[in-house]
Amino acid sequence: MEQNKSYFGEIAGAIKTLATGMKVTLKEYFTPKSTEQYPENRKTTLHVAKRHRGRLVFLRDENGAYKCTACTLCEKACPNGTIKISSEMREDPETGKKKKVLLDYQYDLGDCMFCQLCTNACNFGAIEFTNDFENAVFDRDALVLHLDKEIYAGGSLPQLIDGGEEQTIGKFNTRTK
């Protein structure tokens, strides 16, 4: 059932709608903002959430050896085939038993959806996402990483893994380097 409004009733409805929109706009205009000056001040004021998913890395033990057992659970859990694992069975000379050995752990950062299904599927805690986000390259082939061959030494920025600088709402983060 449609109401028949007069010409002036339509104008009053339009003004009411305009006032509602202006109220929201003015309210947002006066709320405090936080501005990150990037890339100029990224080394001193950048704040990145600790749980931000930036790239996948291998976790290593105190000896520097990776924890991956080449079980391929992460590869099977990946919805778009970002992870490719190559492994082979080798006989352990001490025990004489055959053991699966990781040959290559290939991770395509350019295709990753950052869904974290691979880290949830890993029963050995061998992989995790870090909040390192500066992964821009000019060649797409450089985004294909071999995690078993690289040792991740932390983010490209200081304190990045810990979340960087503390974020203050309502303050412009414009400290110079």
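No experiment lies behind these values; they were computed from the predicted model shown.
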Please list, one pair per line, the donor and acceptor atoms closer than 3.5 Å that link side chains of residues 18-31 to other protein atoms, with sequence neighbours excluded.
from: Thr20; atom 1: OG1; to: Lys16; atom 2: O; distance (Å): 3.0
from: Thr25; atom 1: OG1; to: Gly21; atom 2: O; distance (Å): 2.9
from: Thr31; atom 1: OG1; to: Glu28; atom 2: O; distance (Å): 2.9
from: Thr31; atom 1: OG1; to: Lys33; atom 2: NZ; distance (Å): 3.1

Exercise for review: Just jot down the side chain to side chain contact (heavy atoms under 4.5 Å, CB included) partners of Cys78, sequence neighbours excluded, or say none.
Suggested key: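 Testing Cys78 for side chain to side chain contact (heavy atoms under 4.5 Å, CB included), a comparison that skips the adjacent residues, returns Asn80, Thr82.
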What are the two closest heavy atoms between [X] and [Y], and how far apart are they?
X      : Y      : answer
Lys67  : Gly125 : CD-O, 3.6 Å
Gly54  : Asn135 : O-ND2, 3.4 Å
Lys149 : Leu103 : NZ-O, 3.1 Å
Pro79  : Met113 : CG-CE, 3.2 Å
Leu147 : Leu56  : CD2-O, 3.5 Å

When rounded to the nearest 0.5 angstrom, what is the spacing between [atom1] in [X] and [atom2] in [Y]?
X     : Y      : atom1 : atom2 : answer
Cys74 : Phe124 : SG    : CZ    : 10.5 Å
Cys68 : Leu102 : SG    : CG    : 5.0 Å
Glu75 : Ser86  : CD    : OG    : 8.0 Å
Leu59 : Cys122 : CG    : SG    : 8.5 Å

Review point. Would you find more than 12 non-hydrogen atoms of other residues, nucleotides or ligands less than 6.0 Å from Lys100 atom NZ?
Key: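 Atom NZ in Lys100 is crowded, with more than 12 foreign heavy atoms closer than 6.0 Å.
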Check your understanding: For Lys98, does the NZ atom have more than 12 heavy-atom neighbours from other residues, nucleotides or ligands under 6.0 Å away?
Key ->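 Atom NZ in Lys98 is not packed in, count stays at 12 or less.
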Report yes if some heavy atom in the side chain of [X] is under 4.5 Å from a heavy atom in the side chain of [Y]; otherwise report no.
X      : Y      : value
Arg140 : Asp111 : yes
Asp148 : His146 : yes
Leu73  : Asn123 : yes
Phe129 : Gln116 : yes

Same hydrophobic cluster for [X] and [Y], using side-chain heavy-atom links shorter than 4.5 Å among ILVMFWY?
X      : Y      : answer
Ile15  : Tyr7   : yes
Leu145 : Leu143 : yes
Tyr107 : Val137 : yes
Val57  : Tyr105 : no

Under 4.0 Å between a Lys/Arg side-chain N and an Asp/Glu carboxylate O for [X] and [Y]?
X      : Y      : answer
Arg60  : Glu128 : no
Asp108 : Lys84  : no
Arg53  : Asp132 : no

Exercise for review: Apply side-chain contact (heavy atoms from CB on, under 4.5 Å) to Val144 and Leu109, showing your working.
Suggested key: CA-CA 6 Å; Val144 178; Leu109 181 63; over 6 Å; no
Practice item. Among residues two or more places apart or on two chains, list those pairs meeting ring-ring contact (aromatic ring centres under 6.0 Å, His included) that have a residue in residues 66-101. Key: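 Pairs touching residues 66-101 that pass the test: Phe58-Tyr66.
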Exercise for review: Give the intermediate values and the outcome of side-chain contact (heavy atoms from CB on, under 4.5 Å) for residues Arg55 and Phe114.
Suggested key: CA-CA 8 Å; Arg55 70 171 284 199; Phe114 307 101; 5.5 Å; no
Exercise for review: Return yes if some donor-acceptor pair links the side-chain N/O of Ser6 with the main-chain N/O of Gly9 below 3.5 Å, else return no.
Suggested key: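 It does hold such a pair.
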Check your understanding: So, does Asp61 use its side chain to make a donor-acceptor pair with the main chain of Ala65 at under 3.5 Å?
Key ->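 Yes; at least one donor-acceptor contact below 3.5 Å.
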Check your understanding: So Ser87 and Val101, side-chain contact (heavy atoms from CB on, under 4.5 Å) or not? Walk me through it.
Key -> CA-CA 5 Å; Ser87 63; Val101 177; over 6 Å; no
